[in-house]
Amino acid sequence: MADTQTEPTPLRRKPVQQRSARRVEQMLDASAQLIDELGYDALTTTLIAKRAGVAVGSLYQFFPDKRAVVQALTQRNLEGFVAAVNERLTELSPEHWWNVVDSVLDIYLRMHREVPGFSKVHFGDVIDPQLLDTERDNNSVIVDSLVDILQAHVDRSAEELRFAIAIANETADALLKLAFRHEPQGDERIVAEAKHLVKGYLASRFGE
């Protein structure tokens, strides 16, 4: 699986026992549910602890504040996204950009519709453009992760591939935000146009 290349987890300390690791996952799950229900601004560490069924002091053993909890949640989502894309492309052995773009965007759309909290914070921009990494903006982290995967399928240099994927990612990001602006499940016409534009652009750069 490709390395997501994010900075180390925002955990104050890494859980070493299975019980502690499970408790941290409960906190992340609780924060995702609450973000869906209340939004990020209304989220508090007290609410997260209560929903997770742990003492607030237990939460502070691992996280300094709610931002760190959501940063860890966002990193978990990114790892899930990268793993899903990598698995899908391995299964498909894509021969052209039609398969690549469909795979990446369909996984993103599924997460937007099904993963708790994802539709509200995405990959962190709502909170901080550099939530995933202090050295790079969130979209750059996503692009670098995709480049790591796609290099196995495209005979181009990493820099050439990174530039094209960055353009495609910014285009898709803007159009998908538009698709979900007024339609909770995403306007399928706009999603289709996003796929068409990105596929055409990448095919013009690298061939089908």
Side-chain angles (χ1 to χ4, degrees), residues 3-85 107-145 169-170 172-187:
D3 182 3
T4 55
Q5 301 186 52
T6 57
E7 67 175 1
T9 175
L11 286 165
R12 270 180 164 161
R13 67 181 180 86
K14 187 175 181 179
V16 294
Q17 296 181 341
Q18 186 175 5
R19 181 180 178 184
S20 296
R22 189 163 53 245
R23 189 180 304 135
V24 168
E25 289 300 309
Q26 290 171 346
M27 295 173 196
L28 299 185
D29 291 341
S31 68
Q33 295 165 9
L34 289 165
I35 288 169
D36 264 347
E37 297 169 15
L38 306 173
Y40 176 75
D41 289 341
L43 187 69
T44 67
T45 52
T46 301
L47 287 173
I48 296 170
K50 183 177 180 180
R51 178 64 62 89
V54 303
V56 69
S58 179
L59 183 147
Y60 285 127
Q61 288 179 2
F62 296 99
F63 299 103
D65 50 33
K66 73 172 186 178
R67 182 185 186 281
V69 178
V70 179
Q71 183 182 0
L73 173 65
T74 304
Q75 288 179 345
R76 186 177 74 172
N77 286 339
L78 178 60
E79 289 166 6
F81 173 73
V82 170
V85 171
I107 290 167
Y108 179 88
L109 291 168
R110 178 187 59 77
M111 291 181 67
H112 201 290
R113 292 163 177 160
E114 300 176 8
V115 175
F118 187 81
S119 66
K120 298 292 181 66
V121 297
H122 305 131
F123 287 119
D125 280 1
V126 174
I127 301 164
D128 184 342
Q130 291 183 302
L131 184 68
L132 289 168
D133 190 324
T134 57
E135 301 298 323
R136 297 171 293 164
D137 63 55
N138 300 326
N139 274 357
S140 293
V141 174
I142 296 167
V143 167
D144 288 344
S145 300
N169 182 69
E170 293 292 341
D173 185 48
L175 288 174
L176 291 178
K177 285 177 180 175
L178 176 63
F180 283 97
R181 187 173 299 164
H182 303 296
E183 174 53 60
Q185 293 301 307
D187 187 317

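Numbering of residues begins at 1 and proceeds along the displayed sequence. Just so you know, these numbers come straight off a predicted model, no measurement behind them.
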Check your understanding: For the residue pair Asp36 and Lys120, what are the closest heavy atoms and their distance?
Key -> O-NZ, 2.8 Å
Check your understanding: Residues in ring pair (Phe, Tyr, Trp, His ring centres under 6.0 Å) with Phe123, at least two apart?
Key -> Phe81, Phe118
Check your understanding: Thinking salt bridges, do Arg67 and Asp128 make one under a 4.0 Å N-O criterion?
Key -> yes
Review point. Rounded to the nearest 0.5 Å, how far does CG of Asp29 lie from CG of Leu34?
Key: 11.0 Å
Review point. Taking the side chain from Asn138 and the backbone from Leu131, do they hold a donor-acceptor pair closer than 3.5 Å?
Key: yes
Exercise for review: Nearest 0.5 Å please: distance from the CD atom of Gln71 over to the CD atom of Gln75.
Suggested key: 5.0 Å
Practice item. Kindly indicate, with the supporting measurements, whether the criterion side chain to side chain contact (heavy atoms under 4.5 Å, CB included) is fulfilled by Leu28 and Ile48. Key: CA-CA 8 Å; Leu28 299 185; Ile48 296 170; over 6 Å; no
Study note, to complete from the structure: Closest non-hydrogen atoms of Ala52 and Ala30, given as atom of the first, atom of the second and distance, are N-CB, 3.7 Å
Practice item. Check whether any side-chain N or O of Ser58 sits under 3.5 Å from a backbone N or O of Val54 as a donor-acceptor pair, and report yes or no. Key: no
Practice item. Evaluate whether atom NZ of Lys50 has more than 12 neighbouring non-hydrogen atoms of other residues, nucleotides or ligands under 6.0 angstrom away. Key: no
**Study point:** Listed partners of His112 passing ring pair (Phe, Tyr, Trp, His ring centres under 6.0 Å), at least two apart
**Key:** His122, Phe180
Review point. Between Glu37 and Arg51, is there a side-chain N and carboxylate O pair less than 4.0 Å apart?
Key: yes
Practice item. List the atom of Ile35, the atom of Gly117, and the distance in Å for their closest heavy-atom pair. Key: CG2-O, 4.0 Å
Point to revise | Check: Asn169 side chain, Val143 main-chain N or O, donor-acceptor pair, under 3.5 Å | key: no
**Study point:** Atom pair CG/OG of Leu38 and Ser31 - distance to nearest 0.5 Å
**Key:** 11.5 Å
Practice item. Apply the test side chain to side chain donor-acceptor pair (under 3.5 Å) to residues Thr74 and Asn77: give CA-CA distance (whole Å), side-chain angles for both, the deciding distance (0.1 Å), then the verdict. Key: CA-CA 5 Å; Thr74 304; Asn77 286 339; 5.4 Å; no
Review point. Where the side chain of Arg113 meets the backbone of Gln185, is there a donor-acceptor pair that is under 3.5 Å apart?
Key: yes
Point to revise | side-chain hydrogen bond (donor to acceptor under 3.5 Å, both in side chains): pairs with one or both residues in residues 38-48, sequence neighbours excluded | key: Thr45-Tyr60
Exercise for review: Drop me the distance from Asn139's CG to Gln130's CD, to the nearest 0.5 angstrom.
Suggested key: 11.5 Å
**Study point:** Value rounded to 0.5 Å, distance of OG in Ser119 from CD in Glu114
**Key:** 12.0 Å
Check your understanding: Can you tell me how far the CG atom of Asp144 sits from the CG atom of Leu132, to the nearest 0.5 Å?
Key -> 11.5 Å
Practice item. Compare every heavy atom of Phe62 with every heavy atom of Ser20, then report the nearest pair and how far apart it is. Key: CB-CZ, 4.0 Å
Practice item. Quick one: do His182 and Asp187 satisfy side chain to side chain contact (heavy atoms under 4.5 Å, CB included)? Show the steps, please. Key: CA-CA 8 Å; His182 303 296; Asp187 187 317; over 6 Å; no
Check your understanding: Any idea which heavy atoms bring Leu59 and Met27 closest together, and the distance?
Key -> CA-CE, 3.7 Å
